[in-house]
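Presented below is the structure to which this report refers.
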Amino acid sequence: MEAYLFYIVATIAVITGVYLIFEKNPVFSALFLIQTMVCIAVLYILLEAQFIAAVQIIVYAGAIMVLFLFVIMLLNLNIKEEAKNALPFQRIPAVVMGIVLFAAICMIIKSKLLQGKHGEYTTAYVNSVGNTKLIGNLLFTDYLLPFEITSILLFVAAIGAIMLAKRKL
Amino acid sequence: MITITHYLVLSAILFTLGVVGVLIRRNAIIIFMCIELMLNAVNLSFVAFAHYLNSMQGQLFVFFTMTVAAAEAAVGLAIIVAVFRNKETVNIDDINIMKW
């Protein structure tokens, strides 16, 4: 059951990813990216990361992609614009280099270099406490400083976005 | 049986798609979306490692990555809007003032 779900969702994610990069209309590209992100959220649930799955839907598919769609519709992009490509010969080498990159990553995965120590948070323990509660506990104890720095980062980003988008200061 | 290798290969495929998209597309917004796809691919491998190593750190890192991605999207799109206001285009071949 889990294996079937993984293969179906993974296939949809890859197909929508391919459509994302070959679609002419930017609005459709954004919608395909939303589809990919929802698929990845389903995979997070399969990996028993429920909180991350919810955040993925809310923040990525909900907030970031809506921002993208707003900007695409605000700019009223011309589809023909894409047609004048200064480097058309770049396409084939790009795809070839992509395949080479994929092969390199696969070799690293196959080489068993990616090993690590097993932690204490087994599935049974996480389920007994609750995924969200555990993440909250860790964020406000061990990871308090990074968490606070993140808030400053978001604050700076908000100010920066307003400054850049303003016509006159 | 789904092992960590399946998730890592899927993550590699999505990351490669993002890289290829950045290389072949000329629209700045689509390039930006491909960068988001790469971030998502890396997040997926983080969560996969966290699950198979019985660790929580991977999920926390994904949380931080998402906030950084949100900040990046806000600032990046503001830059694209500012560039479009000045040059009336988001085609990166036309935005080459910084290249000498």
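Source: prediction; values computed, not measured.
Interface summary for chain A: among B/V68, B/L53, B/N43, the most heavy-atom pairs under 4.5 angstrom belong to B/L53. Ranked by non-hydrogen atom pairs under 4.5 Å with chain A, the options B/I4, B/V19, B/L37 are led by B/L37. Between chain A and the options B/N40, B/L60, B/T67, the largest number of non-hydrogen pairs under 4.5 Å is found for B/N40. Per-residue heavy-atom pair counts under 4.5 Å with chain B were compared for A/A13, A/C106, A/A30, and the maximum is reached by A/A30. Listed options B/V75, B/T5, B/I13, B/I79 were ranked by heavy-atom pairs under 4.5 angstrom with chain A; first place goes to B/I13. Between chain A and the residues B/L17, B/L14, B/V81, the most heavy-atom pairs under 4.5 angstrom are made by B/L17.
For A/F68 and B/F32, the distance between ring centers is under 6.0 angstrom. With ring centers used as reference points, A/F102 lies 6.0 Å or more from B/F15.
Contact detail for A/G98 and B/T16: the closest heavy-atom pair is O-CG2, 2.9 Å. Taking every heavy atom of both residues into account, A/E23 and B/I30 meet most closely at O-CD1, 4.4 Å. Of all the heavy atoms in A/C39 and A/I12, the pair that sits closest is SG-CG2, 3.5 Å.
Using a 4.5 Å cut-off between heavy atoms, A/A63 makes no contact with chain B at all. Only the side chain of A/T36 comes within contact range of chain B, with heavy atoms under 4.5 Å apart. For a residue to count as touching a neighbouring chain, one of its non-hydrogen atoms must lie under 4.5 Å from one of that chain's; by this rule A/F70 does not touch chain B.
The number of heavy atoms from other shown groups lying within 6.0 Å of NZ (B/K87) is above 12.
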Practice problem: For side-chain contact (heavy atoms from CB on, under 4.5 Å), just list the numbers for A/E48 and A/V126, CA-CA rounded to whole Å, side-chain angles, deciding distance to a tenth of an Å, and then say yes or no. | Solution: CA-CA 9 Å; A/E48 279 155 13; A/V126 173; over 6 Å; no
